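Written out below as structure tokens is the structure these notes cover.
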Amino acid sequence: MISKNQLAESELAITAEKNKVAGVKQQIAGADTQIAQTLIEIAGDKQIAKLGRLRKGAFVQTTSFIRYSGAGSWVLSNAGKIQNFFLQRFNRPLPVAVFGQGAIHDRWRLDHRNAMDISLNPDGAEGQALMEFLRANGIPFSAFRGAIPGVATGPHIHIGLPSHRY
């Protein structure tokens, strides 16, 4: 028979080892997530790279994004036209997430100086209406249905020419 002190010490040792195992499992899960995100980024980069530069007025739709190359020129100073449309149509301000270059664009080495990101899901009613307006006015955009590491933080509509590395 063992003493109560020995039993308590053994139980503490077991608990400590279980905590170590849980920590390792958490590290493995984190590594798995990083691997998955890297694979998604590679796939997204390949998909975007395949497009290259689109001819004027071209429209491309994939499972993860939509791109319209625009039929005319675009400058960020034309944003008021889009903001007015949205305000009149939905009676609320256009949900601009980033106007021009932001910290995330610097970190991902994207040129976003002549663009803005709109916090709308492209599959929602407001996102669909905005994209229809942009196409009708020849304004280039890229719409992302979800996060693509290194490309998009989540669902949004990027107004302007693509700021990606391609």
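All values reported here derive from a predicted model rather than from experimental measurement. Heavy-atom basis, side chains included; hydrogens, waters and symmetry copies ignored. In what follows, residues are counted from 1 in the order of the sequence shown.
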More than 12 heavy atoms from other groups under 6.0 Å of CG on Asn91:
no

Donor-acceptor pairs are to be reported for all side-chain atoms of residues 76-83 against protein atoms at under 3.5 Å, with residues two or more places apart or in another chain.
unit_1	atom_1	unit_2	atom_2	d
Lys81	NZ	Asn137	OD1	3.0

Do His156 and Ser119 come within less than 4.5 Å of each other through their side chains, counting heavy atoms only?
no

With rounding to the nearest 0.5 angstrom, report the CG to CZ distance, Leu130 to Phe141.
8.0 Å

Between Pro93 and Leu87, what is the shortest heavy-atom contact and its length?
N-CD1, 3.9 Å

Check whether any side-chain heavy atom of Pro95 lies under 4.5 Å from a side-chain heavy atom of Phe86, and answer yes or no.
yes

Below 4.5 Å, heavy atoms only, C-beta onward: do Val96 and Asp117 meet side chain to side chain?
no

Determine the minimum heavy-atom distance between Ala143 and Pro122, stating which atoms define it.
CB-CB, 3.6 Å

Please examine the side chains of Gln128 and Asp123, heavy atoms only from C-beta on, and report whether any two atoms are closer than 4.5 Å.
yes

Quick check: do His158 and Phe144 have side-chain heavy atoms less than 4.5 Å from each other?
yes

Side-chain heavy-atom pair Leu94, Phe85 within 4.5 angstrom cut-off:
no

Just verifying a value: how many Å separate Phe90 CZ and Glu126 CD, rounded to the nearest 0.5 Å?
5.0 Å

Test of understanding: with side chain to side chain contact (heavy atoms under 4.5 Å, CB included), list the residues that count as partners of Ser10, not counting sequence neighbours.
none

Please name the pair of heavy atoms, one in Ile139 and one in Tyr68, separated by the smallest distance, quoted to 0.1 Å.
O-CD2, 3.3 Å

According to the salt bridge (Lys or Arg N to Asp or Glu O under 4.0 Å) rule, which pairs have a member within residues 9-22, sequence neighbours left out?
Glu17-Lys20

